[in-house]
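A quick write-up on the structure given underneath.
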Amino acid sequence: MQVTVRVERSTGTASYSVDTKAQQTVLDVLFYIQNELDETLSFRCSCRVGMCGSCGMVINGKEGLACRTGLDRLGPVVTLQPMRHQGRIKDLVVDMGDFFSKYEAVRPYLTPRPEVQDPIVASPRSKLREAIDLGLECISCGLCLSACDVMTAVPEFLGPAALNRAYNLIADVRDDARDRRLAVVGQARSGVWQCHTHMSCVEVCPKNIAPTRAIAQLKQKLIVRRFMGHRERPIPKLQYIVKEGG
Amino acid sequence: MSTQVATLESHTFDVLVIGSGGAGLRAAVQASVPGVSVGIIGKSLLGKAHTVMAEGGVAASFGNVDRWDGWETHFYDTMRSGHFINDYRIAEKFAHEATERVLELEEWGAVFDRTPDGKIMQRPFGAHSFRRLAHIGDRTGMELLRTLQYKAISQDIEIFQEVTVTKLLKDEAGRIAGALAYYRATGDFVLFRAKAVVLATGGWGKLYKVTSNSWESTGDGGALAYRAGAEMMDMEMVQFHPTGMVWPPGVRGLLVTEGVRGEGGLLYNSEGERFMLQYDPERKELSSRDVVARSIFKEVQAGRGTPHGGAWLDITHKGPEFIKRKLPGMYEQYLTLADVDITKEKFEVAPTCHYTMGGVRAEAETCATNIPGLFAAGEVACGLHGANRLGGNSLADLLVFGRRAGEGALAYARDVAEASSVNAQEIETEMARVMAPFSVSHGENPFEIHEELQDIMSAHAGIVRSGPDLEKGLAKLQALTDRATNMAVSGSRVYNPGWHAVFDVQSMLALAELIFRGALARQESRGAHWRTDYPDELPEMGQWNFVQSIDEGVQAVPVPQMPKELSRLFERGMAPGAWTKQQEGKEN
Ligand SMILES: Cc1cc2nc3c(=O)[nH]c(=O)nc-3n(C[C@H](O)[C@H](O)[C@H](O)COP(=O)(O)OP(=O)(O)OC[C@H]3O[C@@H](n4cnc5c(N)ncnc54)[C@H](O)[C@@H]3O)c2cc1C
Ligand code: FES
């Protein structure tokens, strides 16, 4: 099949005519262009299997991973643009600095509660597990931030990925930085209140995460706190792992 | 100092870690204690390192599901599968410490899958005597990497993303002094000075056309160390994973996790025979990787291959619910990339280059190399896996020796008053070398050179080898290396993929030669190294590791001999835990 690939490059739009085989991905075609037609074409890729989150871009107007988007679904003309709301370095490569600093702002790491000495058992069907599972899937590809409509008006908005991570930790019984984190996500300009549940992030997430759900939960927690005051969270009944023998 | 060098952006750290995969991050976390500055560099963005792809799990002998397991049995399996050219001191520490390192990850936020009674779940994997791999679905590597990454952020380690190191710098006394690198985004050079350096740059699977590895695995660290005078060991040992994807062409080589066989998947040839019953009646599909890969290769050679030259893997008998829960990533990967529903159909698999056992020779205690101040951990280092790596042993390796390398570098840095001085002339020469491809007109295209290199490696130093074939391959490689001195690139220094590829290719060419030389020296078949002109494993060859350095060439160095208390573990001809289990059975 003959496909016209239009790439929005730093120097303007470039058009490449490519003969594609069955079941090729956008990434395959980008490599073909880079190796055979123009070795200066820049894009990111690492794993080729949708695990690392490097190859996010806007494909025919919608955010997607190049390595996971088959050409057969795209028609005879494929338009590739860099992700939105992030500065461009070159061609399809964007500056992820903003994405990462937003992540950092929510303190993305577990701050263990001092009274919990041993690792906590999270049984596969427990609530804790559910909350954590949500976060496990995120590959920090940045597609949600690119698709987020709020970002156009409010560039400071922390965005879906960071807020999703914040919620995972706030919901994690092992974590002790809940208050500080809630304060961050509750900020007027950058926090959860900016989200108007357009669901664009949910639509583009390659891992089917629903950051809007996490954001809704965060809003609820903030409201409860405002009206009920701050109450010490009881430590749930924990099962401990015996260190010897795991 | 020339103005060019004087105006160079420069950073000084007590400990510099090159590589932000699992091993590098674990090392950085260990070295960063109050009062000690640590920097970590990665060629890609944070969290995108090759480690992210690891699916199956991390091997640690908790004995949670098979209570007979223990460190002795993990040690036994590791040495046996490595065909006894591993460094037993490394394997022993490894087997002892893996469990602790896994539990530590949980303290830092990771949550491994659980048994019904709440212990860490363990799955079976090839050539492990017991169910041993702790896992998080089939995205263990991702969670490991993420946990370490967050830990690093919480410890204020300075992180450099998309920075490529092109040279390790030493002082006049031969001690490590730092590294020269460039930002991929701008092409600007940056100088790192450090008291100690940990090398954790991963392997070189990209030398082969069919590979499961990510684009990063171009062996930069191995080449950097070799050029700086480090000793490289067991370079002939390249692991071919038995099950890579075969079709469609774009996905060729992508890994089909061993977890599929671990969870019950069976291998068939085109005639519907379960051929592993014949090649290894005891361990069958879960035999060691070298054996399964070779078996598939032999079946295809004998004309019993699948339409695209592989074998059938079938797990449909486990049922859709089980498959989707246990192997969600694989299910999704086949559905989206190959349009195959593995809960309903068998699918084609064939061997793919997966792991490089050889690498920088490092000692067991601190991962120190022969260059003072340089430590090496993870896939770039050598010694743990011998002639064949066990699945799951790499992630455990990253944790155990990442930590040890971090500790070693920290101790070394504390003993040193300040970072060694760097030589301005050397830096200038290196910058000129790296910039040279911009001024070559009508030179070679780096992508083409890479492709030709992959052809040579696959044809002459792949899963099957022989003396004459290796000689031929080496000659081709040398001709290619000559041509590669004239690589050219166009465009600017800003995120220029062709320019980046030049450096990658230079690294790979250097290591390719070491693979050939090692493979020629090892005149036998052992583990992953299979020579048709020497088809047997030879006891006298098993006494040597082949060590190569830029000054000394190839040298045979004796494999360290186990003391009695360890060698006795092998006297029964069966794993210690398996023996205990058998005894218990007899008593009942
Ligand atoms: C598909 C797949 C599945 C796997 N599954 C498992 C499994 O289930 N269990 C298991 O134990 N093992 C598994 N492995 C093997 C394991 O993932 C790797 O061996 C391991 O992750 C290597 O980690 P590392 O830290 O040594 O290096 P890597 O993760 O490769 O990281 C290397 C780092 O060095 C950086 N770097 C490289 N060159 C330079 C340079 N010139 N300048 C600056 N930085 C540089 C890179 O950017 C990167 O950050 C799997 C491998 C693959 C490919
Ligand atoms: S290349 Fe890793 S997600 Fe696409």
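Just so you know, these numbers use all the heavy atoms, side chains as well, and skip hydrogens, waters and symmetry mates. All figures in this text were calculated on a predicted structure; none of them were measured in a lab.
- When each of B/Asn445, B/Ile153, B/Val251 is scored by its heavy-atom pairs under 4.5 Å with chain A, the top score falls to B/Ile153.
- Interface remark: A/Asn35 contributes backbone and side-chain atoms alike to the contact with chain B (heavy atom separation under 4.5 Å).
- Taking the six-membered ring where tryptophan is involved, the planes of B/Tyr182 and B/Trp499 are essentially parallel, since the angle between them stays under 30° and well short of 60°.
- Taking the charged nitrogens against the carboxylate oxygens, B/Lys324 and B/Glu332 have no contact shorter than 4.0 Å, which rules out a salt bridge.
- The candidate from B/Val52, B/Asn213, B/Thr336, B/Leu45 with the greatest count of non-hydrogen atom pairs under 4.5 Å with chain A is B/Leu45.
- Between chain B and the options A/Gly70, A/Gly50, A/Ser140, heavy-atom pairs under 4.5 Å are most frequent for A/Ser140.
- No side-chain N or O of A/Ser42 forms a donor-acceptor pair with one of A/Arg9 less than 3.5 Å apart.
- The residue among A/Leu27, A/Thr25, A/Leu41 with the most heavy atom pairs within less than 4.5 Å of chain B is A/Leu41.
- Using cut-offs of 30° and 60° for the angle between ring planes, the B/Tyr150 and A/Tyr103 rings count as parallel.
- Chain A forms more heavy-atom pairs under 4.5 Å with one residue of B/Thr99, B/Val489, B/Asp339 than with any other, namely B/Asp339.
- Highest contact tally toward chain A, considering only B/Pro248, B/Ala60, B/Ser44, is held by B/Pro248 [criterion: heavy-atom pairs under 4.5 Å].
- Atoms CZ and OG, from B/Phe438 and B/Ser492 in turn, are 7.0 Å apart once rounded to the nearest 0.5 Å.
- When the candidates B/Ser217, B/Ser214, B/Gly141 are compared by the number of heavy-atom contacts under 4.5 Å with chain A, B/Ser214 comes out ahead.
- Between chain A and the residues B/His50, B/Glu448, B/Lys151, B/Gln161, the largest count of heavy-atom pairs under 4.5 Å involves B/Gln161.
- Counting non-hydrogen atoms of other residues, nucleotides and ligands closer than 6.0 Å to CZ of A/Arg88 gives a total above 12.
- Looking at A/Arg181 and A/Asp175, a side-chain N of the basic residue comes within less than 4.0 Å of a carboxylate O on the acidic one, giving a salt bridge.
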